[in-house]
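For reference, the structure discussed in these notes is given below.
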Amino acid sequence: MRNVSSLSITLVRDDAREQRDVETTTTGLDLFGTDRTVVAVRVGGELRDLDRPFADGDVVEPVLIDSPDGLAILRHSAAHVAAQAVQARHADAKLGIGPPIVDGFYYDFDVAEPFTPDDLRELEKAMQRIVKERQRFRRREVSDEEARAELADEPYKLELIADKGSATPEATGPYGLEGGGDAASVEVGAGQLTIYDNLKRDDSVAWRDLCRGPHVPHTGYIPAFALTRNSAAYWRGDQANAQLQRLYGTAWPSREALKAYQTRLEEAAKRDHRKLGVELDLFSFPDELGSGLPVFHPRGGVLKREMEDYVRRRHIEEGFSYVGTPHISKEGLFHTSGHLPYYADGMFPPMDVEGGNYHLKAMNCPMHNLIFRSRGRSYRELPLRLFEFGSVYRYEKSGVVHGLTRVRGMTQDDSHSYVTPEQAPGEIEHLLNFVTGLLRDFGLTDYYLELSTRDDSDKFIGSDQEWAVATQVLQDVATRSGIELVPDPGGAAYYGPKISVQIRDAIGRSWQMSTIQYDFNQPARFGLEYQAADGTRQQPVMIHSAKFGSIERFIGVLVEHYAGAFPPWLAPVQVVGIPVADEFGDYLEEVFAGLRAAGVRAEVDHSDDRMQKKIRNAQKAKVPYQLIAGGDDRDAGAVSFRYRDGTQKNGVPVADAVAEITGAIARRTQV
RNA sequence: GCUGGCGUGGCGCAAUUGGUAGCGCACCUGUCUUGUAAACAGGCGGUUGUCGGUUCGAGUCCGACCGUCAGCUCCA
């Protein structure tokens, strides 16, 4: 028989369930308080602070500090510490929101003066003091009126209270990580408001914040943190709102984990394509040209040409016709297409020519439409597939230009497939297969699909019915592919929905690469038609698609993906010949003549450096193969391999060496 | 576009409280060159992003512009 003053709870740990009778006042701290790796509990699916008492029948699971929820709780608690430090230093600072994010947290403040690097150092010290004080986090349920009274000096919090209920926590989980959720839901949920106090040893309130929680039991649970940077951010992400100052930080379960994170960032920075572009002499951005306008050096040119050769050949194999169109056009074309009314801001301003306005093109589709319309079209010609390398220019805002991944002048491997509505699903599937095959050939496997659809804003044209059909077609094909599919509501082009391939770069930013868009609007606006089997005139659907997306961006991502150590087929220089001494240069030249005859990009290093220096240079240039030859090799009609990892293979007969290299190039393998 | 940081020879860096710009690599020249990540010596190269201002004097201070970095917003 159970004692009336006890509860029965179920403890779930590592998939094991354990029934336990405990005292009525038992809390998570009683169960796990000695274990610093437990930061909260999950009771019936809900995250709770450790100091809340259990109820009879509760199913209790400890939340470990290194689990996704545990890390979020740790980081969100660190955000509170940061905010306390800020308000202690800047009495006028008004609180915005302070959610956890990937690898860290931020907190927004309305302050008179932006934070300086010195501020960050001082704030970090202040945070350390708060952590040392082991301030307790105390949860307090308050009514809306109480919250308003208590936070009368916090205008942004008052706004959140007023908006309470509009948040949708179930859509994103408790912390709304990985985007998509309203970060403000960290402060207020849909129901009961809570305030978290930070209590000093004597139980006096050091600081308090409107917050859903949960939090770690006390600030001593934050073993390793750092403030990383600060920047401006618009209140609630809206450019029309006030600009707040955002403080970014990171927090980890241990000093070692923090150190590992910092090391990871340093390693990622070494892969940055902007840095490697200089080091490997691939491309540059001359100031004289203007922001976002790259030039490709000979080595980068090889990369670009290999990609273009590949994708041109593949388009032809997939039934596309290679076409060509100019870089500029009279502006009427872009009125017809609808781009000018909708996206004038994204285009370079017009040039006045003979009294009329000309525009640099920002897209190729209108010109391809003119090719389609250049004569009568039969249903027998469909799908009609046009493809070109289109040079387009987009007036990207100055703050968003970024290396090769966000430029103002770029080359799209752009295609438009004109199809009957019935052919559309098949064509989209065809294009998606084309794209996934291309990504595989370039060694990219870590990507996901995004389905960008319309929302109810007025920037989309066409009927709801047409949008629904187009969206459904794309969704079906994307789902059938089995690739991870992420919704992107409101992200569609004004003329139709799209599927895009998103790839992450070295620093975790994701970039849109390939796109497939379903467009029923432009065929109507351009009056495109074909004659059907029954003699009637019908309007085609056009499917826009770019496989690399932008060649420039793809190169940027490739550089980071391979950290500059490209597979042989893409490497600007595939083989460097290194004579052990000057006199073996002629022998290597003979060998390299054979390589070059086989189409290999191979150079003998005849500089007056010594062998060791030549090896070092080739290594730094990340050349896949170093072929070294001295007396032993020459006598044997052989060469010696040195690979990028420093391993070597000596005395390889020349024919075998050529076969090994040409084989790896042909198979597009990495070495 | 917004907020903040930064801007010194091709690259990476240095220059005390404002006092007339240094180093390494690269490059050029010469001598060297036999086994897997830097031979030795000499030399060329910048008026410090641009323009304007303060000052007897500015790379060092101020302003504008350009570029760049981080974040925000945006991304047909």
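Remember, it's a predicted structure, so these values are computed and weren't measured experimentally. Reminder, nothing fancy here: chain letters follow the sequence lines and each chain counts from 1.
- Within the 4.0 Å cut-off from OP1 or OP2 of B:A76, at least one side-chain nitrogen or oxygen of A:Lys498 is found.
- Taking atom C1' on both B:U8 and B:U68, the two are 15 Å apart, rounded to the nearest angstrom.
- Nucleotides B:G9 and B:C72 place their P atoms 31 Å apart, quoted to the nearest Å.
- Contacts of A:Gln648 with the nucleic acid, taken as non-hydrogen atoms under 4.0 Å apart, include base atoms.
- Ion pair A:Arg274/A:Asp272 flagged as a salt bridge, since at least one NZ, NE, NH1 or NH2 atom sits closer than 4.0 Å to an Asp/Glu carboxylate oxygen.
- Rounded to whole Å, atom P of B:U3 lies 16 Å from atom CG of A:Asp108.
- Distances shown here put every side-chain N or O of A:Arg246 at or beyond 4.0 Å from the OP1 or OP2 atom of B:A70.
- Between atom CD of residue A:Glu396 and atom CE of residue A:Met410 there is a gap of 6.5 Å, rounded to the nearest 0.5 Å.
- The side chain of A:Lys613 contributes an N or O atom lying less than 4.0 Å from OP1 or OP2 of B:A26.
- Of the side-chain N and O atoms in A:Ser231, none sit less than 4.0 angstrom from OP1 or OP2 of B:G4.
- Taking the charged nitrogens against the carboxylate oxygens, A:Arg236 and A:Asp163 do have a contact shorter than 4.0 Å, which makes a salt bridge.
- Residues A:Val580 and A:Gln619 each lie close to RNA chain B; by heavy-atom proximity, the contact nearer the 5' end of the strand is made by A:Val580.
- At B:U68, one or more side-chain N or O atoms of A:Ser291 fall inside 4.0 Å of OP1 or OP2 (strictly under the cut-off).
- To the nearest angstrom, P of B:U36 lies 9 Å from CG of A:Asn650.
- Computed from coordinates, the A:Met611 CE to B:G35 C1' distance equals 4 Å when rounded to whole Å.
- Distance check on atom P: B:G4 versus B:G46 gives 36 Å, rounded to whole Å.
- Between A:Glu124 and A:Arg121 there is no salt bridge, since none of the side-chain N atoms of the basic residue sits less than 4.0 Å from a carboxylate O of the acidic one.
- Across all strands, A:Asp345 comes closer than 4.0 Å to no nucleic acid atom at all (heavy-atom distances).
- When the nearest nucleotides of RNA chain B are assigned to A:Pro114 and A:Val639 by heavy-atom distance, the more 5′-ward of the two goes with A:Pro114.
- When the C1' atom is compared between B:A70 and B:G35, the two are found 48 Å apart, to the nearest whole Å.
- Not a single donor-acceptor contact under 3.5 angstrom links the side-chain atoms of A:Arg394 to the base of B:C75.
- The CZ atom of A:Arg616 sits 16 Å away from the P atom of B:U36 (whole-angstrom rounding).
- One interatomic measurement links the two molecules: CZ of A:Arg634 to P of B:U33, which rounds to 16 Å at whole-angstrom precision.
- Atoms CG (A:Asp609) and P (B:U31) sit 16 Å apart, rounded to a whole Å.
- Interface remark: the A:Glu396 side chain does not form any donor-acceptor pair with the B:C75 base, using a distance-only criterion of under 3.5 Å.
- Here the P atom of nucleotide B:C11 and the NE2 atom of A:His297 are 10 Å apart, to the nearest Å.
- Across all strands, A:Thr116 comes closer than 4.0 Å to no nucleic acid atom at all (heavy-atom distances).
- For the P atoms, the distance linking B:U33 with B:C69 amounts to 46 Å, nearest Å.
- The side chain of A:Arg236 places no N or O atom within less than 4.0 Å of a non-bridging phosphate oxygen (OP1 or OP2) of B:U73.
- Contacts of A:Tyr494 with the nucleic acid, taken as non-hydrogen atoms under 4.0 Å apart, are absent.
- No cation-pi contact links A:Arg75 to A:Phe105, judged by a cut-off of 6.0 Å to the six-membered ring centre and 45° from its axis.
- Using a 4.0 Å heavy-atom distance criterion, A:Ala493 is classed as a sugar-phosphate-only contact.
- The side chain of A:His402 places no N or O atom within less than 4.0 Å of a non-bridging phosphate oxygen (OP1 or OP2) of B:C75.
- Surrounding OH of A:Tyr342 are more than 12 heavy atoms belonging to other residues, nucleotides or ligands, all under 6.0 Å away.
- Between the OH atom of A:Tyr393 and the C1' atom of B:A76 there is a distance of 17 Å, rounded to whole Å.
- Residue A:Lys459 places no side-chain N or O under 4.0 Å from the OP1 or OP2 atom of B:C74.
- Comparing B:G22 with B:U36, their P atoms are spaced 41 Å from each other, to the whole Å.
- A salt bridge is absent between A:Asp609 and A:Arg616; no separation between the charged side-chain nitrogens and carboxylate oxygens falls under 4.0 Å.
- Across B:G24 and B:A15, the matching C1' atoms stand 16 Å from one another, rounded to whole Å.
- Separating the C1' atom of B:C13 from that of B:C75 is a span of 36 Å, rounded to the nearest Å.
- Checking B:U3, B:A26, B:C74 against every side-chain atom of A:Arg406, the shortest atom distance belongs to B:C74.
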